[in-house]
Amino acid sequence: MPLLDSATLAACDLCPRRCRADRAAGARGICGATDTLKLARAALHFWEEPPISGEAGSGTIFFSGCPLKCVYCQNHEISTGNFGIEVPPERLVQIMLELEDQGALNINLVTATHYAHLLPGALAEARRQGLSIPIVYNTSGFERVEAVHELDGLVDIWLTDFKYADAARGRELSHVDDYPSIAAAALIEMAAQVRRRGGIAQRVDGTWTRGIIVRHLVLPGHADDSCRVLDMVWDAVGDVPISVMNQYTPNAAMRAAGGDLARAVTDDEYELVLDHADDLGFSQMFWQEGGAVDESFTPPFDTTGVLRRADA
């Protein structure tokens with residue numbers, strides 16, 4: 001049986017946790033999801049990497065819940081708080097078409113892992129109804145290779161995190177085992193799909209219609225692990241576009257706990273990681289100016305765009 005099949009929910013193993021929750025009967029997985037689609041926001045977003053957002057914006061759809069439980073998560077209202085509105089899969093199709101009508105350069109599926117079983121059908125129906133823009137899969141990197149394989153041909157741009165090189169750090173900060181090996185295996189499959197389809201493709205304005213970007217958020221006090229993450233990415237897939245991010249903002253829990261994660265990343269820490277990326281030979285790297293932390297990077301999760309407007 002294909003992994004991305006609704007029958008999977010009877011003993012859910014969509015994500016690498018394979019928690020076997022009977023979501024089909026209404027039980028919640030570790031991700032916080034049942035069998036009902038739940039969305040927190042659907043709107044144009046202008047603060048992704050330039051090939052994704054361009055000038056027109058990326059049509060982002062934020063899914064509620066998350067298989068990871070990162071203690072420092074900036075989107076904790078939806079990732080662990082499961083804030084959002086329950087909608088039928090048909091509404092997801094409508095949202096995609098509405099975002100394209102608003103001028104979105106792409107449809108950006110943010111943390112859709114635990115709803116991936118809905119994507120083949122929803123994307124096929126959206127295409128049938130005229131959706132013509134690329135699909136971006138915006139993920140934590142914590143994906144089963146089988147799921148990534150089944151999304152081949154449906155996803156045009158992989159926008160994937162690679163969070164940790166140290167498995168112990170993944171257990172401490174995201175409560176998950178074996179993050180590095182799982183993320184590396186998924187990344188290899190993502191990069192292979194892009195290569196098989198001819199590599200990066202772009203419009204005349206430089207925005208992408210196909211490609212891959214590997215993101216890494218530098219954490220305060222953990223620049224050494226960030227450098228090892230870049231080593232792992234290089235060893236796994238070679239010279240792919242990377243995005244080294246400097247936007248870590250301590251949430252209330254981290255400020256209360258104290259320690260390194262209660263502060264921002266220092267300039268020295270960030271420069272160390274950027275220099276290491278240069279030394280490895282990455283030829284395309286996106287980076288952020290000092291003071292990159294801004295509310296624009298964390299949009300308001302206020303259910304914008306989730307329900308159809310009454311005057312639409």
Side-chain angles (χ1 to χ4, degrees), residues 47-53 68-76 138-142 158-176 178-188 190-191 211-251 253-298:
W47 296 99
E48 306 286 30
E49 288 75 7
I52 308 299
S53 284
L68 293 184
K69 300 300 173 190
C70 302
V71 297
Y72 52 85
C73 184
Q74 293 171 244
N75 296 351
H76 56 87
N138 190 331
T139 169
S140 68
F142 188 64
W158 293 97
L159 189 56
T160 182
D161 289 352
F162 204 119
K163 294 181 179 293
Y164 316 109
D166 184 346
R169 193 150 291 150
R171 285 190 289 272
E172 174 192 1
L173 300 182
S174 295
H175 303 117
V176 64
D178 302 325
Y179 178 91
S181 60
I182 289 169
L187 174 59
I188 289 169
M190 295 172 191
I212 183 170
I213 298 175
V214 182
R215 284 174 160 176
H216 175 69
L217 176 66
V218 180
L219 297 176
H222 298 292
D224 56 340
D225 193 63
S226 292
C227 291
R228 290 198 295 272
V229 163
L230 297 179
D231 292 340
M232 289 191 68
V233 172
W234 185 269
D235 290 343
V237 294
D239 186 14
V240 296
I242 61 172
S243 180
V244 181
M245 299 184 294
N246 186 29
Q247 67 190 60
Y248 174 80
T249 306
N251 58 29
M254 294 300 94
R255 292 195 299 271
D260 283 326
L261 293 180
R263 62 172 175 84
V265 173
T266 67
D267 290 344
D268 287 345
E269 288 172 323
Y270 191 50
E271 288 296 330
L272 176 67
V273 180
L274 295 180
D275 289 345
H276 190 67
D278 284 334
D279 291 343
L280 285 169
F282 286 105
S283 59
Q284 187 168 13
M285 175 169 59
F286 302 99
W287 54 282
Q288 296 173 320
E289 298 281 356
V293 174
D294 185 274
E295 64 181 4
S296 300
F297 290 99
T298 306

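For the numbers below, each heavy atom of this structure counts, side chains included, while hydrogens, waters and symmetry mates do not.
Expressed to the nearest 0.5 Å, how far NE2 of H222 lies from CD of E269 amounts to 9.0 Å. Taking CZ from R263 and CG from L219, the interatomic distance works out to 10.0 Å, rounded to the nearest 0.5 Å. A distance of 8.5 Å separates CG in L272 from CG in D224, rounded to the nearest 0.5 Å. The distance from atom CG of L230 to atom CG of D275, rounded to the nearest 0.5 Å, is 11.5 Å. In this structure, R215 CZ and S140 OG are separated by 12.0 Å, a value rounded to the nearest 0.5 Å. Rounding to the nearest 0.5 angstrom, the gap separating the CG atom in D161 from the CG atom in L68 is 9.0 Å.
Y248 places a side-chain heavy atom less than 4.5 Å from the side chain of M254. Within the 4.5 Å cutoff, no side-chain heavy atoms of L261 are placed close to those of P250. The shortest side-chain heavy-atom distance between V218 and N246 does not fall under the 4.5 Å cut-off. Using a 4.5 Å heavy-atom cutoff, the side chains of L274 and M285 are in contact.
Judged by distance alone, with hydrogens and angles left aside, the side-chain atoms of Y270 form a donor-acceptor pair with the main-chain N or O of V244 at under 3.5 Å. Listed for the S243 side chain is no donor-acceptor partner under 3.5 Å among the backbone atoms of P241.
Residues G141 and A186 come closest through the heavy atom pair O-CB, 4.1 Å. Shown here for D260 and G221, the closest heavy-atom pair between the two residues is OD2-CA, 3.6 Å. Closest non-hydrogen pair, D239 versus Q284, comes out as OD1-N, 4.4 Å. Residues Y164 and L173 approach most closely at OH-CB, 3.5 Å, considering heavy atoms. Nearest heavy-atom pair, A191 versus I212, reported as atom, atom and distance to 0.1 Å: N-CD1, 3.9 Å. Heavy-atom minimum distance, V71 versus N251: O-ND2, 3.1 Å.
Between Y179 and F142, the ring planes are parallel. Angles under 30° get that label, and only those over 60° would be called perpendicular.
Ion pairing between a basic and an acidic side chain is recognised when a charged N comes within 4.0 Å of a carboxylate O; D225 and R228 show such pairing.
Among L187, V233, I213, V240, the single residue meeting the side-chain contact (heavy atoms from CB on, under 4.5 Å) criterion with T160 is L187.
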